[in-house]
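Remarks on the structure that follows.
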Amino acid sequence: MVDKAETRDVLIVVYDGVQLLDVAGPLDVFDRAASEAASEMGTGYRVRLASLGGRPVATSAEAPLGVSADLSRVRKPPDTLMVAGGRGYAAAAADRDLVRHVRRLSAGARRTGSVCTGAFVLAEAGLLDGRRATTHWAFCSELAAGYPAVSVEPDAIFVRDGTVVTSAGVTAGIDLTLSLLEDDFGPELARSVAKFLVVFMQRPGGQSQFSTWLRGEPPRGGALRELVESIDARPADDLSVPALAARLGMSRRHFSRLFSQQVGTSPGAYVERARVAAARALLESTPDSVDTIAAQCGFGTVETMRRAFVREAGVSPAAYRDRFRRG
């Protein structure tokens with residue numbers, strides 16, 4: 001924890017196509033914390049938004065967003081430098097001037113962070129090389145492929161590695177900022193701010209509970225493609241490797257090798273993910289009991305489904321239903 005008597009300067013970097021909530025979430029946490037800290041301790045945060053040229057930016061929702069600083073003219077490094085994410089992340093990461101100034105200011109900042117796809121700007125600046133990091137679940141593969149020196153953790157809500165912190169998508173910026181607030185002023189103030197904003201102090205589970213299973217490209221072969229589609233459509237069938245191999249008239253070894261080559265994962269892993277995906281849909285949309293859903297999705301027992309659910313979604317079926325049940 002740093003000296004409580006010190007007012008901390010926070011600079012949030014924005015650009016055209018930035019996600020409004022990526023900015024507003026951390027901003028509201030810092031603002032509420034500044035208000036409470038000022039009344040209790042006589043100190044707090046000074047938060048500024050900065051863009052190249054100091055011009056207003058157009059958010060991804062097309063709402064204009066004013067700024068108070070020209071990134072290129074900021075000379076004194078802030079205490080905390082944050083880069084927001086959004087639809088315009090690729091253009092931002094390709095902007096050499098923006099990346100250069102982020103790198104320059106980060107060198108003197110006490111800590112540097114990103115929200116969502118703001119991680120791409122940090123990665124382009126070389127600030128994530130040799131570090132662990134995360135971003136929105138839908139972009140983790142892209143970050144890992146584009147920046148192999150970065151160790152991407154796709155299920156994390158936020159990741160700390162030394163003085164660099166990165167968060168998952170959109171609302172995860174609030175989780176990250178509450179954690180920074182706790183570092184600066186302690187858990188009591190962080191809990192008070194979380195309570196006022198009606199958010200989790202520490203969100204249970206990881207990103208996988210919010211993600212959609214991305215199956216990727218379907219297999220090239222007609223018979224194997226039909227088999228994969230049948231797994232998705234009828235997860236309660238006998239989907240053991242011997243049964244699946246028999247459907248295609250192949251040996252178990254040859255089938256497993258061919259499946260892994262064309263689908264990108266083993267038959268067992270694919271079946272488990274397909275069954276969890278089916279269970280997620282039923283937990284969200286039906287009042288059926290967990291026992292019934294386990295049988296409908298081919299798990300056999302509730303405990304088998306629970307273990308698979310925790311592996312794939314990071315939370316139990318009951319916890320998932322509590323959060324995502326519709327109606």
Side-chain angles (χ1 to χ4, degrees), residues 9-27 30 47-131 133-152 158-159 161 163-170 172-173 176-177:
D9 186 32
V10 178
L11 194 70
I12 302 178
V13 178
V14 298
Y15 45 83
D16 284 333
V18 74
Q19 180 92 23
L20 190 56
L21 193 52
D22 280 15
V23 181
L27 193 60
F30 283 127
V47 185
R48 294 178 294 162
L49 304 185
S51 69
L52 279 179
R55 58 180 179 76
V57 299
T59 66
S60 57
E62 299 184 0
L65 182 64
V67 305
S68 55
D70 178 349
L71 186 62
S72 65
R73 292 180 177 272
V74 177
R75 292 291 173 256
K76 182 182 177 182
D79 173 81
T80 301
L81 177 69
M82 295 185 71
V83 181
R87 200 175 296 161
Y89 77 94
D95 189 321
R96 293 183 179 180
D97 286 339
L98 187 147
V99 171
R100 176 168 57 86
H101 288 300
V102 167
R103 186 188 302 114
R104 171 179 63 85
L105 291 170
S106 175
R110 179 167 64 96
R111 60 192 176 196
T112 299
S114 65
V115 181
C116 194
T117 48
F120 284 83
V121 175
L122 298 190
E124 186 63 29
L127 301 174
L128 300 183
D129 287 356
R131 295 184 184 273
T134 194
T135 187
H136 190 292
W137 60 264
F139 298 91
C140 283
S141 294
E142 181 182 343
L143 183 65
Y147 302 94
V150 182
S151 178
V152 179
F158 62 86
V159 171
D161 192 322
T163 59
V164 178
V165 290
T166 52
S167 78
V170 197
L176 179 147
T177 311

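Worth saying up front: this structure is predicted, and the values here are computed from it rather than measured.
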Checklist entry - Between Val115 and Met82, is any pair of side-chain heavy atoms under 4.5 Å apart? => result yes
Checklist entry - Taking Leu81 as the fixed residue, which of Leu105, Leu127, Val164 is the one that meets the side chain to side chain contact (heavy atoms under 4.5 Å, CB included) rule? => result Leu105
Next on the checklist: I need the His136 NE2 to Gln19 CD distance, nearest 0.5 Å.
Outcome noted: 8.0 Å
Checklist outcome for this item: Closest heavy-atom pair, Ser72 versus Arg104, reported as atoms and distance to 0.1 Å, is O-NH2, 3.9 Å
Item to check | Which atom of Ala92 lies closest to which atom of Val99, heavy atoms considered | outcome: O-CG2, 3.8 Å
Next on the checklist: Are the side chains of Leu122 and Val83 in contact, using a 4.5 Å heavy-atom criterion?
Outcome noted: yes
Item to check | Criterion side chain to side chain donor-acceptor pair (under 3.5 Å) against Arg110, the qualifying member of Asp9, Thr80, Asp79 | outcome: Asp79
Checklist entry - Between CD of Glu62 and CG of Leu20, what distance do you get to the nearest 0.5 Å? => result 12.5 Å
Checklist entry - What distance separates Ile12 CD1 from Phe30 CZ, expressed to the nearest 0.5 Å? => result 6.5 Å
Item to check | side-chain contact (heavy atoms from CB on, under 4.5 Å) assessment of Leu52 paired with His101 | outcome: CA-CA 9 Å; Leu52 279 179; His101 288 300; 3.9 Å; yes
Checklist entry - CZ of Arg96: more than 12 outside heavy atoms within 6.0 angstrom? => result no
Next on the checklist: Between Tyr89 and Phe139, is the ring centroid distance below 6.0 Å?
Outcome noted: yes
Next on the checklist: Let me confirm one number: the NZ-CG distance from Lys76 to Leu11, rounded to the nearest 0.5 Å.
Outcome noted: 12.5 Å
Next on the checklist: Within the structure provided, determine whether Cys140 and Thr134 are in side-chain contact (heavy-atom separation under 4.5 Å).
Outcome noted: yes
Checklist entry - Looking at side-chain heavy atoms only, is the closest gap between Thr163 and Arg131 below 4.5 Å? => result yes
Checklist entry - side-chain contact (heavy atoms from CB on, under 4.5 Å) between Val159 and Val165: does it pass, once the steps are laid out? => result CA-CA 6 Å; Val159 171; Val165 290; over 6 Å; no
Next on the checklist: Which heavy atom of Leu176 sits nearest to which heavy atom of Thr166, and what is that distance?
Outcome noted: CD1-C, 3.6 Å
Checklist entry - Side chains of Leu143 and Phe120: closer than 4.5 Å at any heavy-atom pair? => result yes
Next on the checklist: Can you tell whether the side chains of Asp70 and Arg48 come within less than 4.0 Å, N to carboxylate O?
Outcome noted: no
Checklist entry - Can you name the closest pair of heavy atoms from Asp22 and Ala84 and give their distance? => result CB-CB, 4.0 Å
Item to check | Val13 vs Val121, side-chain contact (heavy atoms from CB on, under 4.5 Å): CA-CA, chis, key distance, verdict | outcome: CA-CA 10 Å; Val13 178; Val121 175; over 6 Å; no
Item to check | Distance (rounded to the nearest 0.5 Å) between Leu128 CG and Thr135 OG1 | outcome: 9.5 Å
Checklist entry - Which atom names give the shortest non-hydrogen contact between Asp16 and Val57, and what distance separates them? => result OD1-CA, 3.4 Å
Checklist entry - When rounded to the nearest 0.5 angstrom, what distance separates OG1 in Thr177 from CZ in Phe158? => result 9.5 Å
Checklist entry - What heavy-atom pair brings Val18 and Gly85 nearest, and what distance separates the two atoms? => result CG2-O, 3.2 Å
